Amino acid sequence: MRFLTNKIEQISSNSAVCFIYENDQNKSDLFNYLDKLSNNELSKQIYDYRVIKGKFQETIKIAINETLVVLVAGLGKKEELTRKKLSQLVAGCARQLRNRQSITFELIDNYAFSDCAQNFSKSDATRIIYTAARIGLYEFQKYLSDKKTMTDTIEIVDNNLTKEIEQNAQIGAYSSFAMKFAKDLVNESAQIVTPDYIAQIAADIAKEHNLEAKIFNKNEIKELNMNAFLAVGQGSVNEPKFIHLIYKPKTTPRKKIALIGKGITFDAGGMNIKPAQSMLTMKSDMSGAASVLGIIQAIASLKSDIELHVVSALCENMTSGSAYKQGDILVAMNGKTIEVDNTDAEGRITLADALCYCDKLNVDEVIDIATLTGAVIVSLGHNITGVLGNNQEQIDRFQKIAGQSCENTWQMPILDELKDNLKSELADMKNTGGRNAGTSTAGWFLSNFTKSNSWMHLDIAGTAYLDKSNKETLFGPTGVMIRSLINYLLA
Ligand code: BES
Ligand code: MN
Ligand code: ZN
C-alpha cells in the first residue's frame, strides 16, 4: 500500500471521496475543485436534485470523466459527528471503491466533532483516514484461486499541508501497516503459525529494524523457571517459544514500556476440551502476540523516543497423553503456586510467567493484550474491549487515547473480594473462579504476577476476531487496540 499527500490540484488518484454534512450548503475545497472539473455535475446532483442529503453513510457515486470516479459521502449532522463515525465512514467508502487503483480523501476545514470538538484537527483526521481506509480495504486473499486486484494507493489532499499533518500521515500509515500485519498473521492457519513460526517472524523483524532479540526455546524457558507457562504447552508436538524484542531510541528514552501479547497459537482447551463451535476460531488466540509484533514495527519505523519491550509466551493448548491436567499444581517464575482446575484457562497461566519476566526489565509500565475470557463477550460484546489494571491514572490516560483512536473500551474492576473466587486449599490460588465475574477474576489472577504498579490488561477476547462484520471492520481479525496502543506509546 502506498500513502501519498498532495495539494488538491495535484490529485493523482482515479477515485476520490468528497464529504458533505447533512443539510449543509458549505462545500469543501475538493468538492469545489471536482465540481468545476465535472461542469457542476456534483453540485447539480447534490444541491439541485438532492440525490443525497448528507445523512451519515449516505453515498452516491458519480463518474466525472473517463478516469475519475467521485464518491460523495454524508458525514451526517455536523454536531453529531465523532471520530469513530469518521473512521466508519472512511472504511465504508474505501470498501465501496476497492476496485479502483487509488483513492483520494480530503481533509476538511471545520470538523465539528461532538466527542472532542476542541482538540480535533486535520492531523487527527489524517491518522484516522489512513488507518480507516486500510481497514476498509483489508481482505485476506492468500488462499483464493480467484484473487481480486484491490486499491494500492491512498492519497490525502489538502491545500495547506503542514509538517504536522505529514508527521501524522506517517503515524497513520505505519499504524495501518501494523494492523494489516497482525490481521494477516491471525488469518493464517494454526497449522503454519506455530510458536516456532512466530519466533522466526520475530527474529526477522528484529533483523529488519535493528532490534535486540531474545528468543528462548523449551530448555531455556525451563532455565528461566517459567514452569507454569511450560505446563500449558506440554501437550503439543509444537514446542513452546518465548520471545522478547527490544526497541531502543538513539537518545535517552522518554519512558520504558513492556507490552505482552497472549500467544496461544491454537486453543483447543486442553483436557477441558472446547466444544467444536467454540474451537472454530481459536487460531486467533495469538491475536495479542500478533498485535505487539505489529506495534513494535510501527514504533521502530517512526523512530519513537520511548524504549519498547515486546514479550510473548508462545505455545499451543492441546489435549494429548502429555498434556497438563486438572489438579496439577504449577509453580510460576515468581514462586507462586497455581492449582489447575480448568486447562482451558491457559492464557492467564502463560501470562503469569510473562508478567514475572517483565518484573526484571526495569520498565515504567507493563501492558498486556490478550484474548483472555469468554466472559468479556458476555459483559461487553464484540465492539468494546475490557480494560483492567492497578493504576487508575494509567487506565484513564489510555481510555482517553483509545477513544480518540476510534476504539471503544470499558473498565472492569479488580477488587480484593475476587480473591475468594480463586481460593485453593492446595496452592496459592486456582486458575479459575467459576462463571461469575470471569473477566475480573482473570484480572485479579494476573495481578498476582506483576510487581509493577503501572500494569494494565486489555481483554480483547470479544473484539479481536469478528464472526460478523461491524460498521468499520469486516468479519475476521480486527487488529483491535493496535491504533490505540501506538497512539498511547507516542503520546
Ligand atoms: N481463548 C479463550 C478465551 C476466548 C473465548 C477468546 C472466546 C476468544 C473468544 C480462553 O483461553 C478461554 O478458554 N477462557 C475460558 C476461561 C474459563 C475456562 C474460566 C473461557 O472464557 O471460557
Ligand atoms: Mn482457553
Ligand atoms: Zn485461550
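For ligands, and for the atoms within them, numbers begin at 1 and follow the listed sequence. Quick caveat: nothing in here was measured; it's all calculated off a predicted structure.
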The atom name of the N, O or S atom in Glu346 nearest to the Mn ion (ligand 2) is OE1
Would you name the N/O/S atom of Asp267 that lies closest to the Mn ion (ligand 2)? OD2
For Lys451, does the NZ atom sit with more than 12 other heavy atoms under 6.0 Å from it, leaving out its own atoms? no
How about Asp420: does its CG atom have over 12 heavy atoms from other parts shown lying under 6.0 Å from it? yes
Over all heavy atoms of both residues, which pair between Pro413 and Leu388 is shortest? Give the atoms and the distance, please. O-CD2, 4.0 Å
Closest heavy-atom pair, His382 versus Gly462, reported as atoms and distance to 0.1 Å, is ND1-O, 2.7 Å
Quick one: does ligand 1 sit under 4.0 Å from the side chain of Thr432, the backbone, both or neither, non-hydrogen atoms only? side chain
Identify which of [options] has a heavy atom lying nearest to [atom].
atom	options	value
atom 10 (C) of ligand 1	Leu372, Asp467, Val376, Thr441	Leu372
atom 4 (C) of ligand 1	Gly270, Ala375, Ala461	Ala461
atom 7 (C) of ligand 1	Met282, Met279, Lys262	Met282

Hey, is the main chain of Lys142 close enough, under 3.5 Å, to the side chain of Lys147 for a donor-acceptor pair? yes
With a 3.5 Å distance limit and no angle check, can you tell me whether Asp285 reaches the backbone of Thr265 through a side-chain donor-acceptor pair? no
Provide the number and element of each atom of ligand 1 under 4.0 Å from a heavy atom of [X].
X	value
Asp285	1 (N)
Thr371	1 (N), 2 (C), 3 (C), 6 (C)
Ile377	7 (C), 9 (C)
Asn342	18 (C)

For the Zn ion (ligand 3), angle spanned by Glu346 OE2 and Asp267 OD2 (nearest 10°) is 90°
ang(OD2 Asp285, the Zn ion (ligand 3), NZ Lys262) rounded to 10° is 90°
Does Lys262 count as lying over the ring of Phe229, i.e. NZ or CZ under 6.0 Å from the six-ring centre, within 45 degrees of the axis? no
In this structure, does ligand 1 have an atom that sits under 4.0 Å from one of the heavy atoms of Asn317? no
Report yes or no: does a heavy atom of Lys274 sit under 4.0 Å from some atom of ligand 1? yes
Using 2.8 Å as a strict upper limit, say whether an N, O or S atom of Asp285 approaches the Mn ion (ligand 2) that closely. no
For a quick check under 3.5 Å, do [X] and [Y] share a side-chain donor-acceptor pair by atom type?
X	Y	answer
Gln297	Glu208	no
Asp341	Thr432	yes
Ser454	Gln394	no

Picking from Leu415, Asn421, Asp416, what satisfies side chain to side chain contact (heavy atoms under 4.5 Å, CB included) with Trp444? Asp416
Given the options Ile264, Thr194, Ile198, Met286 meets side chain to side chain contact (heavy atoms under 4.5 Å, CB included) only with Ile198
Check: [X] N/O within less than 3.5 Å of ligand 1 N/O:
X	result
Glu346	yes
Arg348	no
Gly374	yes

Aromatic contact between Tyr357 and His244, with the criterion being ring centroids under 6.0 Å apart: yes or no? yes
Among all protein heavy atoms, pick the one closest to [atom] and tell me residue, atom and distance.
atom	answer
atom 2 (C) of ligand 1	Asp267 OD2, 3.5 Å
atom 15 (C) of ligand 1	Asp344 O, 4.0 Å
atom 17 (C) of ligand 1	Ala345 CB, 4.4 Å

